[in-house]
Amino acid sequence: MASSILISSKFSPFHFPSPKSSLFLPSPTSLHFPSSNPPHFPSFPSKSLPKAKSLLISSSLAPTPPTPLRRPLYIPNHIPDPNYVRIFDTTLRDGEQSPGATLTSKEKLDIARQLAKLGVDIIEAGFPAASKDDFEAVTAIAKEVGNAEDEDGYVPVVCGLSRCNENDIKAAWEAVKYAKRPRIHTFIATSGIHLEYKLRKSKEEVLDIARSMVRFARSLGCNDVEFSPEDAGRSDREFLYEILGEVIKAGATTLNIPDTVGITMPSEFGQLIADIKANTPGIENVIISTHCQNDLGLSTANTLAGACAGARQVEVTINGIGERAGNASLEEVVMAIKCRGEHVLGGLYTGINTQHIVMSSKMVEDYTGLHIQPHKAIVGANAFAHESGIHQDGMLKHKGTYEIISPEDIGLERSNEAGIVLGKLSGRHALKDRLKELGYELDDEQLGNIFWRFKAVAEQKKRVIDADLIALVSDEVFQPEVVWKLHDLQVTCGTLGLSTATVKLIGADGEEHVACSVGTGPVDSAYKAIDLITKEPVTLLEYSMNAVTEGIDAIATTRVLIRAEKSRISTNILTGEIVQRTFSGNGAGMDIVVSSVKAYIGALNKMLGFKEQYQTKTSIERTPVSA
């Protein structure tokens, strides 16, 4: 007989107690609506337990994922299946605003391809008016990923962000118009503090700007326009209802409600969505969206509260990266809906192929250089690790005792359960098959490079496990375009004299360059030798190293963060903050010095790639937030 879990209804995070609320949730099993305002989305099961103080749920049901449902036809302002939740990924826009998360155009395109494999409904590819590089990256994504329709007819919407002014909106449309499903996302602040101190405009002026700019976006030929009232969580409710109603009349198809500073509690944010749904004229003709920042660690909870209250689009990022404390995490929101959508969230579901989550997470981690904390939900290194003896005993008897999610569901296979053991006698075919099982589909050149690296590791290790393979792929595939490449390295160090390093690099023109230097240690001397060759003085801001596996023969992964000494100072076009661009690099190898050098060269290559882009690009005129 299945055991049971007792869950008290008073702890529901989606309880909106206001008596004026149009949406009242006394427990996670019932929804009640006033008859004057029937919902156009499905409620939880209407059968309630008025006298019960607790709800009994069979633990045999809790971990069971819902039956996969077909993704409904895409219509900008309507979802045929009211249980379906659109996933709007903003990793390439909001996520890139994380300090140190600089991405090249190639990396953005790679991530966009992976997001399409993941199955996100909308890719916010960037902010085209911010720079020529951003414009070109969004255009490239729109042309390739935005037209790559699969056999089921799925193709992601490609979205460009813009402020509420004509120049921004024109730039966004020129970049995304090549996609099969283009979208313009325009925004303007609506809270009192933003109106007074940032915009210095009245409510009437902002209302007129929002209305006219949404109308302008539609006039360009874009039939999919999203509008965001920035800082909606702190905005006056009546003004919020008014401006949202006006942009609906002007042609907006999605209304995104952002908790820009992450200040709301789940009950507050759910109530905000419910009140907007009840009081905004024309709301039945658009999709309500959420965008929750994580300043108080509540972004995922707030996002789910918004979905329970009627939002049918959620804006998220891979690994939860983003401005300040980040955004709602795609993997957390998606897996929460997958695990609890059928039994607790009223049948909500998404179109995400969750088996691509680990690959997507790893790619974003390596490209941005933002490491995931080990205890991060879903994708952290410890998410499926069990050290406690009691937990291990339970896991050995039945995995459901301590795991509500199967690691295989997110594309992670436990290495001790794999049927094939890779070693020095393994061939290219076995390696290719294992990499494919891990989610890596490599071309012949990439596979060839990985194979010889794998052989070198296998000569020194009896058994090569998945973690080793992932580190090798990251070191070979997830790298910026090559300007400098390491050819040879020799170091001498110890207690008897100064550490010395000789480095040979190959430039983009194929010429070899050699330099020697001394330093306080082998890494310092190697870095100084590289500086002599590249003649690009930089400041090393961060240096970290981790062993991929246990044992003295483990592969080491290194991450560095650098900034050019004569760095380009710029202004964040969204926040107005003065920023100096930084660049991260990653390296892997069984020799810790080699790993360190590869990471440093990777960061330099990324920096030099950006430097070349800025030298050739034309300046983009900054425009005020006005009509």
Side-chain angles (χ1 to χ4, degrees), residues 104 106 366 369 445-460 468 471-494 496-545 548 553-566 583-612:
T104 65
K106 171 188 174 295
D366 286 338
E445 182 181 358
Q446 291 172 331
L447 180 63
N449 293 335
I450 295 291
F451 181 70
W452 294 114
R453 290 284 303 278
F454 156 74
K455 280 291 194 180
V457 171
E459 285 290 337
Q460 301 177 58
D468 297 317
L472 293 178
V473 171
S474 298
D475 194 43
E476 284 290 338
V477 179
F478 299 154
Q479 292 292 341
E481 294 185 24
V482 174
V483 179
W484 294 101
K485 183 178 181 180
L486 176 65
H487 188 272
D488 286 318
L489 169 67
Q490 182 66 46
V491 296
T492 303
C493 61
L496 300 178
L498 289 173
S499 296
T500 62
T502 302
V503 177
K504 180 190 288 186
L505 301 183
I506 299 177
D509 56 1
E511 290 190 16
E512 296 181 352
H513 303 260
V514 180
C516 301
S517 183
V518 296
T520 56
V523 174
D524 181 53
S525 57
Y527 283 11
K528 287 177 177 176
I530 292 170
D531 291 342
L532 291 174
I533 295 173
T534 62
K535 297 179 174 59
E536 292 288 341
V538 300
T539 300
L540 181 64
L541 302 175
E542 294 180 18
Y543 173 93
S544 61
M545 178 177 290
V548 171
D553 57 357
I555 290 178
T557 59
T558 308
R559 176 186 182 260
V560 301
L561 187 69
I562 65 171
R563 182 182 64 229
E565 289 186 3
K566 296 180 180 179
F583 303 89
S584 63
N586 295 283
M590 299 190 71
D591 185 311
I592 61 173
V593 182
V594 173
S595 172
S596 301
V597 167
K598 286 184 174 182
Y600 192 60
I601 293 173
L604 284 170
N605 282 338
K606 185 178 287 190
M607 184 188 76
L608 292 171
F610 263 87
K611 183 177 180 181
E612 182 180 349

Check your understanding: Rounded to the nearest 0.5 Å, how far apart are NZ of Lys598 and OG1 of Thr558?
Key -> 10.5 Å
Exercise for review: Go through the structure and list residues passing ring pair (Phe, Tyr, Trp, His ring centres under 6.0 Å) with Phe454, not counting sequence neighbours.
Suggested key: none
**Study point:** Residues that Asp591 engages under salt bridge (charged side-chain N to carboxylate O under 4.0 Å, His left out), provided they are two or more places apart
**Key:** none
Counting only pairs under 3.5 Å, give me each side-chain donor-acceptor contact of residues 503-511, with atom names and distances, residues two or more places apart or in other chains.
unit_1, atom_1, unit_2, atom_2, d
Asp509, OD1, Glu511, N, 3.1

Check your understanding: From Asp366 CG over to Asn586 CG, what is the distance, rounded to the nearest 0.5 angstrom?
Key -> 5.0 Å
Study note, to complete from the structure: Taking every heavy atom of Gly587 against every heavy atom of Ser595, the minimum-distance pair comes out as O-OG, 3.2 Å
Practice item. Check whether any side-chain heavy atom of Leu604 sits under 4.5 Å from a side-chain heavy atom of Met607, and report yes or no. Key: yes
Review point. Heavy atoms, side chains only, cut-off 4.5 Å: are Val457 and Met590 in contact?
Key: yes
**Study point:** Side-chain donor-acceptor contact under 3.5 Å, Tyr527 with Ser596
**Key:** no
Point to revise | For Ala599 against Val560, the heavy-atom pair lying closest together | key: O-CG2, 3.4 Å
Exercise for review: Mind checking side-chain contact (heavy atoms from CB on, under 4.5 Å) for Asn605 and listing every partner two or more places apart, or none if nothing turns up?
Suggested key: Pro480, Val483, Trp484, Ile601
Exercise for review: Could you tell me the separation between the CH2 atom of Trp452 and the CG atom of Leu472, rounded to the nearest 0.5 Å?
Suggested key: 14.5 Å
Review point. Does a sphere of radius 6.0 Å around NZ in Lys455 hold more than 12 heavy atoms from other residues, nucleotides or ligands, not counting ones at 6.0 Å or beyond?
Key: yes
Check residues 529-541 and write down every donor-acceptor pair under 3.5 Å in which the side-chain atom is one partner and the other belongs to a residue at least two apart or another chain.
unit_1, atom_1, unit_2, atom_2, d
Asp531, OD1, Tyr600, OH, 2.7
Asp531, OD2, Tyr600, OH, 3.3
Thr534, OG1, Ile530, O, 3.2
Lys535, NZ, Leu532, O, 3.4
Glu536, OE1, Lys611, NZ, 3.4
Glu536, OE2, Lys611, NZ, 3.1

Please tabulate, one pair per line, all N/O donor-acceptor pairs under 3.5 Å involving side-chain atoms of residues 512-525, not counting sequence neighbours.
unit_1, atom_1, unit_2, atom_2, d
Thr520, OG1, Asp524, OD2, 3.3
Asp524, OD2, Thr520, N, 2.9
Asp524, OD2, Lys528, NZ, 3.2
Ser525, OG, Gly521, O, 3.0
Ser525, OG, Pro522, O, 3.0

